[in-house]
Amino acid sequence: MAFWTAGAVGLLIAYLLGSIPTGYLAGKLLRGIDIRRHGSKSTGATNVLRTLGKWPALFVLVGDVLKGVGAIIVARSFCPWLYAELSSSPTASDLQLWVPWAVCLAGIAVLLGHSRSIWLNFTGGKSAAAGLGVLLAMSWPVGLGAAAAFGFVLAITRIVSLSSMLAALTAIVLVCAVEHPLPYRLLVIGGGLYVIIRHRANIQRLLAGTEPRLIRNSQSAKAEAQV
């Protein structure tokens, strides 16, 4: 009973963390708009950049990454503590076996919360930034590798969606190449594929050659956001 209670509480906290609509709040607080009706209709940092500017986008990006970090901290710290409090005789082996699975489920929950926020009628972003936070907190080498892949591809192509998907693929390769617990590998594989699936509209535009690029000219960027 203690296991299921602690696990359920951890999942709920992770989902609610992911559900915090940082991009939506930025639009409402800074310009009084619903960002889901502008640009790509996403609440992610890229659409915030095109719609509101670089500083709001940076705030949203950091906030979304911290949501992923927070979910893993909850799974690693709060949930074991709660499990120990509820259980009459928890053992170190129990926690060693249970915690990686708690991390896996919390990671999935925060990604779902970000993309299917309860506060936005189960809409949201594409979970790339929250996924990066999960990676950095779960296995920083994998997280840094994914971030490096994102930055490298973005510098060459200026296409955020392509950079995000290749970063997700990089994370999958790295987590399988380096020794990690099975739950961590399942989380990265499942989460990476989920991020890619969330970009299916972007994939169609990439194939059609119509996917927008990040451009430095602010006036052009605002015009592009209206497309």
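Evaluation of the salt bridge (charged side-chain N to carboxylate O under 4.0 Å, His left out) rule for R116 yields no partner, not counting sequence neighbours. Judged as a salt bridge (charged side-chain N to carboxylate O under 4.0 Å, His left out), and not counting sequence neighbours, R185 has no contacts. Judged as a ring-ring contact (aromatic ring centres under 6.0 Å, His included), and not counting sequence neighbours, F122 has no contacts. Every residue was checked against the ring-ring contact (aromatic ring centres under 6.0 Å, His included) condition with W119, not counting sequence neighbours, and none meets it.
Y15 places a side-chain N or O within 3.5 Å of a backbone atom of I118 that can act as its donor or acceptor partner. Using a distance-only test at 3.5 Å, with no hydrogens or angles considered, a donor-acceptor pair links the side chain of N47 to the main chain of H38.
In this structure, a donor-acceptor pair under 3.5 Å is absent between the side chains of S117 and Y24.
Using a 4.5 Å heavy-atom cutoff, the side chains of T157 and S163 are in contact. You'll find the side chain of T51 reaches within 4.5 Å of the side chain of I33, heavy atoms only.
Rounding to the nearest 0.5 angstrom, the gap separating the CZ atom in R213 from the CZ atom in R158 is 10.0 Å.
A side chain to side chain contact (heavy atoms under 4.5 Å, CB included) with T43 is found for exactly one of L25, L120, T123, namely L120. A side chain to side chain contact (heavy atoms under 4.5 Å, CB included) with L135 is found for one member of L144, V142, L187 and no other, namely V142.
A129 and L61 make their closest contact through CB-CD1, 3.8 Å (heavy atoms, listed as atom of the first residue, atom of the second, distance).
V134 and V175 fall within the same hydrophobic cluster, defined by Ile, Leu, Val, Met, Phe, Trp and Tyr side-chain heavy atoms under 4.5 Å apart, directly or through other members. Hydrophobic clustering of Ile, Leu, Val, Met, Phe, Trp and Tyr side chains at less than 4.5 Å, counting indirect connections, keeps L112 apart from L12. Linking ILVMFWY residues whenever their side-chain heavy atoms come closer than 4.5 Å, directly or via other members, leaves L214 and L58 in distinct clusters. Put simply, I73 and I20 are part of two different groups of oily side chains (I, L, V, M, F, W, Y) that touch within less than 4.5 Å, one to the next.
For K28, the NZ atom sits in a packed shell: over 12 heavy atoms of surrounding residues, nucleotides or ligands are nearer than 6.0 Å. By the 6.0 Å contact criterion, CZ on F59 is open, its count of non-hydrogen atoms from other residues, nucleotides or ligands being 12 or less.
The hydrophobic cluster around W101 extends to L182, L186, counting ILVMFWY residues whose side-chain heavy atoms fall within less than 4.5 Å of a member. Members clustered with I197: none, using a 4.5 Å side-chain heavy-atom cutoff among hydrophobic residues.
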